[in-house]
Peer 1: 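Here it is, the structure in full.
Keep in mind it's a predicted model, so treat the numbers as computed, not measured. Here is the naming used below: chain letters follow the sequence lines, and residue numbers restart at 1 for every chain. No hydrogens, no waters, no symmetry mates; every other heavy atom, side chains included, goes into these values.
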2 protein chains.
Amino acid sequence: MNIGSAAEQSGLPVKTIRYYEDIGLVLPQRSENGYREFSNSDLERLKFLQRARSLGFSIEECRELLSLYGDRNRASADVKKLTQAKIREVDRKISELKSLRRVLSDLAEACHGDNRPDCPIIDDLAGQSTAAMGTFKEKGK
Amino acid sequence: MNIGSAAEQSGLPVKTIRYYEDIGLVLPQRSENGYREFSNSDLERLKFLQRARSLGFSIEECRELLSLYGDRNRASADVKKLTQAKIREVDRKISELKSLRRVLSDLAEACHGDNRPDCPIIDDLAGQSTAAMGTFKEKGK
DNA sequence: CTTGACCTTCCAGTGACTGGAAGCCCTAAC
DNA sequence: GTTAGGGCTTCCAGTCACTGGAAGGTCAAG
C-alpha cells in the first residue's frame with residue numbers, strides 16, 4: 001500500500017506519516033521505485049498512533065505504548081499507569097482553564113463594551129484594576 | 001533599569017524579555033555600555049504582557065491589546081470582543097478535555113491493571129476495543 | 001587584580017508537525 | 001508518442017513562544 005492509502009486509512013496526513021518514519025515510529029519497506037510500501041502491520045501502527053495522539057499522548061508516550069503493544073509480555077499495569085497519569089494531567093489542565101475562564105468573564109462583565117475609551121479590561125492588564133482585583137495580585141516589587 | 005530588575009519586577013524571564021524586544025513588543029533604550037535600559041513605561045508594557053500571556057492571549061493578540069492600550073481613542077468594545085472570543089476558546093478547550101477525560105477513564109476502568117499481558121487499553125488503541133466502544137468509531141475504511 | 005554576577009550577541013533546539021520547491025513515476029487520454 | 005495530471009520522493013524552512021548554551025564584554029566588591 002502506498003503512502004496515500006495509508007494516510008486515508010489511518011486518518012493521518014501524508015506529511016505526518018513521513019514525519020513518523022523520520023522519527024522511527026513506523027518503518028515501511030520501499031518498493032523498487034522508491035515508494036514507501038505499507039504492510040498491514042504498518043497500517044495498524046499508524047492507526048494506533050492516530051488514536052493515541054488524539055487521546056493526548058505525546059509522541060514519546062506513543063513510542064512507549066507502541067513498545068508495550070508489541071511486547072507479548074507487557075504488563076497491563078504499565079499501560080494503566082500511563083493512562084492514569086494522563087488523566088491527572090487532563091484534570092490539571094481543565095482546572096487551570098476553569099480558573100482562567102473565571103478571570104476572563106469577570107473582566108468581560110466589568111467592561112461596558114461601548115465606544116468610550118475607558119476599558120476595565122485594559123486597566124486590569126495594565127495593573128490598575130478595579131475589576132477582578134485580587135485574583136492575580138501584583139507580585140511584590 | 002537593567003534587564004535583570006525588569007525581569008524581577010515584571011515576572012518575566014530575562015530570555016523572554018529579550019525575545020519580546022526581538023519581535024518588537026518592547027523597545028528599551030540602550031545605555032552607553034550597550035545594556036538595555038528599561039523605563040517605567042517599558043516596565044508597564046512588560047507587566048501588561050506578563051498578565052495578558054498568563055490569561056492565554058497569544059503574542060499577536062497581545063500586540064493588538066498593547067496597541068489598544070496605547071490608543072487613547074480605543075473602543076472598549078474592541079477589547080471586550082477579544083476577551084469574549086478568548087472565553088469561547090477556553091470553553092471549547094474545556095469541553096474537549098472533558099470528553100477526552102471520559103474516554104481515558106473508561107479505558108482505565110476497564111483495565112484490570114495487573115501483570116497479565118492482556119490489556120484493554122492497548123486493545124482499544126489497536127482498534128480491537130470492547131471498552132469505550134463507540135466513543136471513537138473507526139473512520140470507515 | 002581577581003572573582004563572580006550580570007550583561008551582550010548569536011546559534012541551535014524544543015514538539016509535532018506543515019508548507020513549498022524541485023524533481024521522479026505512473027496512468028490515461030489524445 | 002506525448003502530454004497532462006496526480007502521486008510520490010527529498011530537502012529545506014517555518015510555525016509558536018520560548019529556552020539553553022557558548023563566547024565574550026562590564027561592573028562592583030574585596
Side-chain angles (χ1 to χ4, degrees), chain A residues 1-39 42-43 45-66 82 85-86 89-90 93 96 100, chain B residues 1-39 42-43 45-66 86 89-90 93 96 100:
Chain A
M1 182 191 325
N2 283 349
I3 199 169
S5 341
E8 203 180 336
Q9 293 191 49
S10 65
L12 291 168
V14 167
K15 278 277 190 182
T16 300
I17 295 176
R18 282 199 274 257
Y19 171 68
Y20 285 173
E21 188 191 22
D22 266 13
I23 61 173
L25 287 179
V26 65
L27 301 156
Q29 301 284 112
R30 294 300 179 117
S31 314
E32 297 220 336
N33 59 13
Y35 286 16
R36 289 168 185 82
E37 177 62 37
F38 292 83
S39 69
D42 290 330
L43 186 57
R45 285 176 81 87
L46 291 176
K47 285 181 183 171
F48 187 108
L49 285 165
Q50 190 286 320
R51 176 120 172 83
R53 288 288 298 130
S54 85
L55 288 176
F57 291 97
S58 75
I59 291 288
E60 284 321 303
E61 284 164 341
C62 286
R63 204 186 291 278
E64 193 173 345
L65 284 168
L66 271 175
L82 215 54
K86 192 50 61 177
E89 206 178 307
V90 169
K93 272 187 204 157
E96 268 171 30
L100 176 55
Chain B
M1 184 190 321
N2 282 350
I3 198 168
S5 342
E8 201 182 340
Q9 292 191 48
S10 64
L12 290 168
V14 166
K15 278 275 189 185
T16 300
I17 295 175
R18 282 199 274 257
Y19 171 67
Y20 286 172
E21 187 191 24
D22 266 13
I23 61 174
L25 286 179
V26 66
L27 302 155
Q29 301 285 110
R30 296 299 178 119
S31 313
E32 296 220 336
N33 58 12
Y35 286 17
R36 287 170 186 80
E37 177 60 38
F38 292 84
S39 69
D42 290 330
L43 185 58
R45 286 176 81 88
L46 290 177
K47 285 181 183 172
F48 187 107
L49 284 164
Q50 191 286 321
R51 177 121 173 83
R53 289 287 299 130
S54 84
L55 288 175
F57 291 96
S58 74
I59 290 288
E60 283 322 302
E61 285 165 340
C62 286
R63 205 187 289 280
E64 194 174 344
L65 284 168
L66 271 175
K86 192 51 62 180
E89 209 178 305
V90 168
K93 272 187 204 155
E96 269 171 29
L100 176 55

Peer 1: Kindly give the heavy-atom pair with the smallest separation between Tyr20(A) and Leu49(A), and that separation in Å.
Peer 2: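 Nearest heavy atoms, Tyr20(A) then Leu49(A): CD1-CD1, 3.7 Å.
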Peer 1: Could you tell me if the side chain of Lys93(A) sits less than 4.5 Å from the side chain of Lys93(B), heavy atoms only?
Peer 2: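 Side-chain contact under 4.5 Å: no.
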Peer 1: Quick check on dC7(C): is either OP1 or OP2 less than 4.0 Å from any side-chain nitrogen or oxygen of Arg36(B)?
Peer 2: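 Result: no.
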Peer 1: From dA16(C), dT18(C), dC25(C), pick the nucleotide closest to the side chain of Arg53(A)?
Peer 2: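 Closest of the options to the side chain of Arg53(A): dA16(C).
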Peer 1: What is the distance, to the nearest angstrom, from the CG atom on Asn2(B) to the P atom on dC6(C)?
Peer 2: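 In whole Å, dC6(C) P and Asn2(B) CG are 11 Å from each other.
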Peer 1: Do the non-hydrogen side-chain atoms of Arg63(B) and Ile23(B) ever get within less than 4.5 Å of each other?
Peer 2: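 Yes; the side chains approach each other to less than 4.5 Å.
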Peer 1: Is Glu37(B) reaching over with its side chain to a backbone N or O of Met1(B), donor-acceptor style, under 3.5 angstrom?
Peer 2: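 Yes, because the side chain of Glu37(B) sits within donor-acceptor range (under 3.5 Å) of the backbone of Met1(B).
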Peer 1: Whole-Å distance between dC6(C) P and Met1(B) CE?
Peer 2: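 After rounding, the reported distance stands at 16 Å.
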Peer 1: Any donor-acceptor pair under 3.5 Å linking the side chain of Asn2(A) with the backbone of Gly4(A)?
Peer 2: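 Not a single qualifying donor-acceptor pair exists.
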Peer 1: Using every non-hydrogen atom in the two residues, find where Ala6(B) and Leu43(B) come nearest and quote the distance to one decimal.
Peer 2: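 Closest approach of Ala6(B) to Leu43(B), heavy atoms only: O-CD1, 3.9 Å.
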Peer 1: Let me have DNA chain C in dot-bracket notation, would you? Count Watson-Crick plus G-U wobble pairs, both distances under 3.5 Å, and use [ ] for pairs crossing earlier ones and | for inter-strand partners.
Peer 2: ||||||||||||||||||||||||||||||
Peer 1: So which of residues 22-32 of chain A are in contact with DNA chain D, with a heavy-atom cut-off of under 4.0 Å?
Peer 2: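 Hits under 4.0 Å, by residue number: Arg30(A).
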Peer 1: Please report, rounded to the nearest Å, how far the P atom of dA5(C) is from the CD atom of Glu8(B).
Peer 2: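 Distance, rounded to whole Å: 16 Å.
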Peer 1: Where each residue is assigned the nucleotide of DNA chain C containing its nearest heavy atom, which of Lys15(A) and Ile3(B) is assigned the position nearer the 5′ end?
Peer 2: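 Its nearest nucleotide lies further toward 5', so the answer is Ile3(B).
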Peer 1: Return the minimal non-hydrogen interatomic distance between Glu61(B) and Phe57(B), and the atom names on each side.
Peer 2: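 For Glu61(B) versus Phe57(B), the nearest heavy atoms are OE1-CA, 3.3 Å.
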Peer 1: What is the distance, to the nearest angstrom, from the CD1 atom on Ile17(A) to the C1' atom on dA16(C)?
Peer 2: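 Distance check: Ile17(A) CD1 to dA16(C) C1' gives 15 Å.
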Peer 1: Is there a side chain to side chain contact (heavy atoms under 4.5 Å, CB included) between Ile59(A) and Arg53(A)? Walk through the geometry before answering.
Peer 2: CA-CA 7 Å; Ile59(A) 291 288; Arg53(A) 288 288 298 130; 3.9 Å; yes
Peer 1: Output yes when a side-chain donor or acceptor of Glu21(B) lies under 3.5 Å from a complementary backbone atom of Leu27(B), and no otherwise.
Peer 2: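 No.
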Peer 1: Do you know which two heavy atoms are closest between Ala7(B) and Val14(B), and how far apart they sit?
Peer 2: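 That closest heavy-atom pairing would be CB-CG2, 3.8 Å.
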Peer 1: Which one, dA16(C), dC6(C), dC25(C), comes nearest to the side chain of Tyr35(B)?
Peer 2: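 It is dC6(C).
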Peer 1: Between dT18(C) and Thr16(A), is there an OP1 or OP2 to side-chain N/O distance shorter than 4.0 Å?
Peer 2: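 Result: yes.
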Peer 1: Need two values: the first and the last nucleotide of DNA chain D, 5' to 3', having an atom under 4.0 Å from any heavy-atom of chain B.
Peer 2: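 Terminal contacting nucleotides, 5' to 3': dA17(D) to dC27(D).
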Peer 1: Given atom CZ of Arg18(B) and atom P of dC6(C), what is their separation to the nearest angstrom?
Peer 2: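 Spelled out: CZ on Arg18(B) to P on dC6(C) is 13 Å.
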Peer 1: Using atom CG of Leu12(A) as one end and atom C1' of dT18(C) as the other, report the distance to the nearest whole Å.
Peer 2: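 Computing the Leu12(A):CG to dT18(C):C1' distance gives 14 Å.
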Peer 1: Could you pull out the closest heavy-atom pair between Leu25(A) and Leu66(A), with the gap in Å?
Peer 2: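 Heavy atoms of Leu25(A) and Leu66(A) come nearest at O-CD1, 4.0 Å.
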Peer 1: Would you kindly give the CD-to-C1' distance between Glu60(A) and dA16(C), to the nearest whole Å?
Peer 2: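 In whole Å, dA16(C) C1' lies 11 Å from Glu60(A) CD.
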Peer 1: Take Ser39(A) and Asp42(A), measure what side chain to side chain donor-acceptor pair (under 3.5 Å) needs, and give me the verdict at the end.
Peer 2: CA-CA 5 Å; Ser39(A) 69; Asp42(A) 290 330; 3.2 Å; yes
